[in-house]
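Shown next, in structure tokens, is the structure this report addresses.
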Amino acid sequence: MVEISSDLQKVAREAALDEYKEYVTYSALARAERNPRRRAVLERLAEQELEHFRFWNKFAGVAPPGWFRLYAYFMVFVRLLLGATFVAKLLERWVQIKV
């Protein structure tokens with residue numbers, strides 16, 4: 001872990017955890033997706049989020065909590081119930097709120 005100020009470490013920690021949660025979510029959605037094109041897009045998104053997590057985790061040094069998997073499975077359930085478009089818009093809205 002790289003030495004940084006406590007304020008920057010807090011920002012890095014939050015960013016790392018967000019990126020990991022998104023990685024787990026996109027990975028779970030990709031595994032549940034039957035459409036090969038959508039699956040490929042979700043797998044690419046998951047890879048990008050994992051790279052972002054690795055970057056931020058250099059500064060934060062966090063261990064992601066296990067409940068992120070439960071969150072991801074919930075999102076898969078919502079996807080099966082309400083559709084891919086709904087979940088995509090929901091995830092996009094959460095990203096906009098964080099920014």
Side-chain angles (χ1 to χ4, degrees):
M1 186 171 83
V2 178
E3 291 294 322
I4 57 174
S5 73
S6 63
D7 290 339
L8 289 176
Q9 190 171 16
K10 182 180 175 186
V11 169
R13 183 182 192 293
E14 290 175 15
L17 290 175
D18 284 343
E19 298 294 347
Y20 190 79
K21 182 168 72 170
E22 291 169 5
Y23 157 69
V24 171
T25 302
Y26 288 133
S27 295
L29 288 168
R31 284 191 304 273
E33 184 57 56
R34 287 177 243 170
N35 181 315
R37 287 183 13 205
R38 280 190 197 148
R39 180 182 296 137
V41 169
L42 289 166
E43 287 171 347
R44 273 197 318 271
L45 286 170
E47 289 172 19
Q48 289 174 350
E49 298 301 337
L50 183 58
E51 288 302 315
H52 296 163
F53 166 74
R54 287 178 179 153
F55 170 80
W56 286 111
N57 205 33
K58 287 181 209 173
F59 305 103
V62 296
W67 67 266
F68 283 172
R69 296 236 179 255
L70 181 61
Y71 169 82
Y73 293 135
F74 174 73
M75 294 308 290
V76 170
F77 174 74
V78 171
R79 187 259 181 255
L80 295 173
L81 192 65
L82 300 173
T85 303
F86 180 83
V87 171
K89 289 184 182 270
L90 182 63
L91 292 173
E92 182 180 325
R93 178 175 292 259
W94 285 343
V95 169
Q96 289 174 352
I97 289 171
K98 288 188 285 187
V99 174

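In this text the structure is predicted, and so the values were computed from the model without any measurement.
- Pro64 is not listed as a side-chain neighbour of Asn57, based on a closest heavy-atom distance of 4.5 Å or more.
- Interatomic distance, OH of Tyr73 versus OG1 of Thr25, reported as 10.5 Å (0.5 Å rounding).
- By the criterion of side-chain heavy atoms lying less than 4.5 angstrom apart, applied directly or through intervening Ile, Leu, Val, Met, Phe, Trp or Tyr residues, Val78 is grouped together with Leu80 in one hydrophobic cluster.
- Taking CZ from Phe68 and CG from Asp18, the interatomic distance works out to 7.5 Å, rounded to the nearest 0.5 Å.
- Evaluation of the side chain to side chain contact (heavy atoms under 4.5 Å, CB included) rule for Ala15 yields Trp56 as partners, not counting sequence neighbours.
- Note: Leu29 CG to Leu45 CG = 10.0 Å, rounded to the nearest 0.5 Å.
- In this pair, Tyr71 and Trp67 present their aromatic rings perpendicular. The plane angle is above 60°, beyond the 30 to 60° band.
- When side chains are defined from C-beta on, Leu90 does not count as touching Leu82, because their heavy atoms never get closer than 4.5 Å.
- Under the ring pair (Phe, Tyr, Trp, His ring centres under 6.0 Å) criterion, Phe86 pairs with no residue at all, not counting sequence neighbours.
- The side chain to side chain contact (heavy atoms under 4.5 Å, CB included) check on Arg38 picks up Glu33, Asn35, Arg79, Ala84, with sequence neighbours excluded.
- Between the OG atom of Ser27 and the CZ atom of Arg69 there is a distance of 7.5 Å, given to the nearest 0.5 Å.
- For residues 18-38, the pairs satisfying ring pair (Phe, Tyr, Trp, His ring centres under 6.0 Å) are Tyr20-Tyr23, Tyr20-Phe53, with sequence neighbours left out.
- Counting only residues at least two apart or in different chains, salt bridge (charged side-chain N to carboxylate O under 4.0 Å, His left out) contacts with residues 39-53 comprise Glu51-Arg54.
- By the salt bridge (charged side-chain N to carboxylate O under 4.0 Å, His left out) test, Glu14 is found to be paired with no residue, residues two or more places apart in sequence or in another chain being considered.
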